[in-house]
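Counting starts at 1 for both ligands and their atoms, in listed order.
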Amino acid sequence: MKLIFLGPPGAGKGTQAERIAERYRIAHISTGDMLRSEIRNATELGAAAKAYLDRGELVPDSVIIDMVKDRIRREDCKNGFLLDGFPRTVVQAEALQGFTDIDFAVNIDVPFDRLVARISGRRMCPDCGAAYHVSTYQASICQKCGATLYQRDDDKEETVANRLNVYTEKTAPLIAYYESKGKLFTVNGDADIDTVTEEIVKGLDA
Ligand code: AMP
């Protein structure tokens, strides 16, 4: 199974992607996590990507396309994969189509006015990538691995508005793109985490 998760920043893509990838035993590929790891490890790619992430802009298409192309050739993608955060532009979607066929694009829909609160309350684990929200989890330690949680720089208010604009302008057109190919299904992401997971599973199993 080869899946794409679409949705604005703060829709819960990462959380749902982790659950769905585990359930169907496919690789979870988060381009955002890959870039943050490159930045943490001070690689050449990380140094080039950092300024884009800091501003809430997209990393150039060519960089991210090569990164994903390499990643999905790896052994753990043999059973399939779930792309979380890619494609984010029509150019990326066209490139992806050139090197693999995806089965479904799952669009996690959340009303725009809910997103800022969802993003600014988010806290992340730097080691395992788990995400929490201050409204439901106030401790500073990751429940899964014990690392100290942090707030992503680009989750701070000054950058969030730009990320939402970039989403509307560059990524939202992918909803119509995959719909026209008969590959889209949309779930209501403005519900509790388990309900959203169940809705996705129901859609995929059907
Ligand atoms: P995310 O963790 O998915 O919210 O991604 C964080 C940041 O990484 C984005 O704001 C972009 O700067 C960059 N990024 C992640 N995926 C892509 C992509 N497919 N194309 C361009 N930039 C990306």
Output yes when the distance from some N or O of ligand 1 to some N or O of Gly85 is under 3.5 Å, and no in every other case. yes
Taking all non-hydrogen atoms of both residues into account, name the closest pair between Cys142 and Tyr137 and its distance. C-OH, 4.3 Å
For ligand 1, which is the ligand I care about here, please tell me if Asp84 has any N or O atom under 3.5 Å from one of the ligand's N or O atoms. no
Nearest protein heavy atom with distance in Å, relative to atom 7 (C) of ligand 1: Leu53 CG, 3.7 Å
Taking only heavy atoms of Glu57 into account, list the atoms of ligand 1 that are under 4.0 Å away from them. 11 (C), 12 (O)
Can you list the ligand 1 atoms lying under 4.0 Å from a non-hydrogen atom of Leu35? 8 (O), 13 (C), 14 (N), 15 (C)
Arg152 touching ligand 1 at heavy-atom level, < 4.0 angstrom: yes
Do Tyr24 and Asp205 get their side chains close enough for a donor-acceptor pair, meaning under 3.5 Å? yes
Nearest heavy atom to atom 20 (N) of ligand 1, choosing from Met124, Arg163, Gln92, belongs to Gln92
Please write down residue, atom name and distance for the protein heavy atom closest to atom 22 (N) of ligand 1. Val59 N, 3.0 Å
Once you measure the plane-to-plane angle for Phe185 and Phe104, does it fall in the parallel (<30°), tilted (30-60°) or perpendicular (>60°) bin? perpendicular
Please state which part of Ile64 comes within less than 4.0 Å of ligand 1, counting heavy atoms only: side chain, backbone, both or neither. side chain
Kindly identify the option in Met34, Met67, Arg36 whose heavy atom sits closest to atom 2 (O) of ligand 1. Arg36
Atoms of ligand 1 close to Thr31 [distance to a heavy atom under 4.0 angstrom, numbered from 1]: 15 (C), 16 (N), 17 (C), 19 (N)
Do Ile64 and Leu83 sit in one hydrophobic cluster, given that two such residues count as connected whenever their side-chain heavy atoms are within less than 4.5 Å of each other, even indirectly? yes
With the 4.5 Å side-chain cut-off for hydrophobic clustering, are Met1 and Ile200 part of the same group? yes
Distance-only criterion, 3.5 Å: show the donor-acceptor pairs between side-chain atoms of residues 11-21 and protein atoms not counting sequence neighbours.
from: Lys13; atom 1: NZ; to: Gly7; atom 2: O; distance (Å): 2.9
from: Lys13; atom 1: NZ; to: Pro8; atom 2: O; distance (Å): 3.4
from: Gln16; atom 1: OE1; to: Thr197; atom 2: N; distance (Å): 3.3
from: Gln16; atom 1: OE1; to: Thr197; atom 2: OG1; distance (Å): 2.6
from: Gln16; atom 1: NE2; to: Ile193; atom 2: O; distance (Å): 3.1
from: Glu18; atom 1: OE2; to: Lys144; atom 2: NZ; distance (Å): 3.1
from: Arg19; atom 1: NH1; to: Asp194; atom 2: OD1; distance (Å): 2.9
from: Arg19; atom 1: NH1; to: Thr197; atom 2: OG1; distance (Å): 2.9
from: Arg19; atom 1: NH2; to: Asp194; atom 2: OD1; distance (Å): 3.1

Polar contact flag for Arg88 and ligand 1 (N/O pairs, less than 3.5 Å): yes
Between Arg114 and Phe112, is NZ or CZ placed under 6.0 angstrom from the six-membered ring centre and within 45° of the ring axis? no
Return the minimal non-hydrogen interatomic distance between Pro87 and Ile4, and the atom names on each side. CD-CD1, 3.6 Å
Does Lys13 have a heavy atom less than 4.0 Å from any atom of ligand 1? no
What pairs with Lys50 under side-chain hydrogen bond (donor to acceptor under 3.5 Å, both in side chains), at least two apart in sequence or on another chain? Asp54
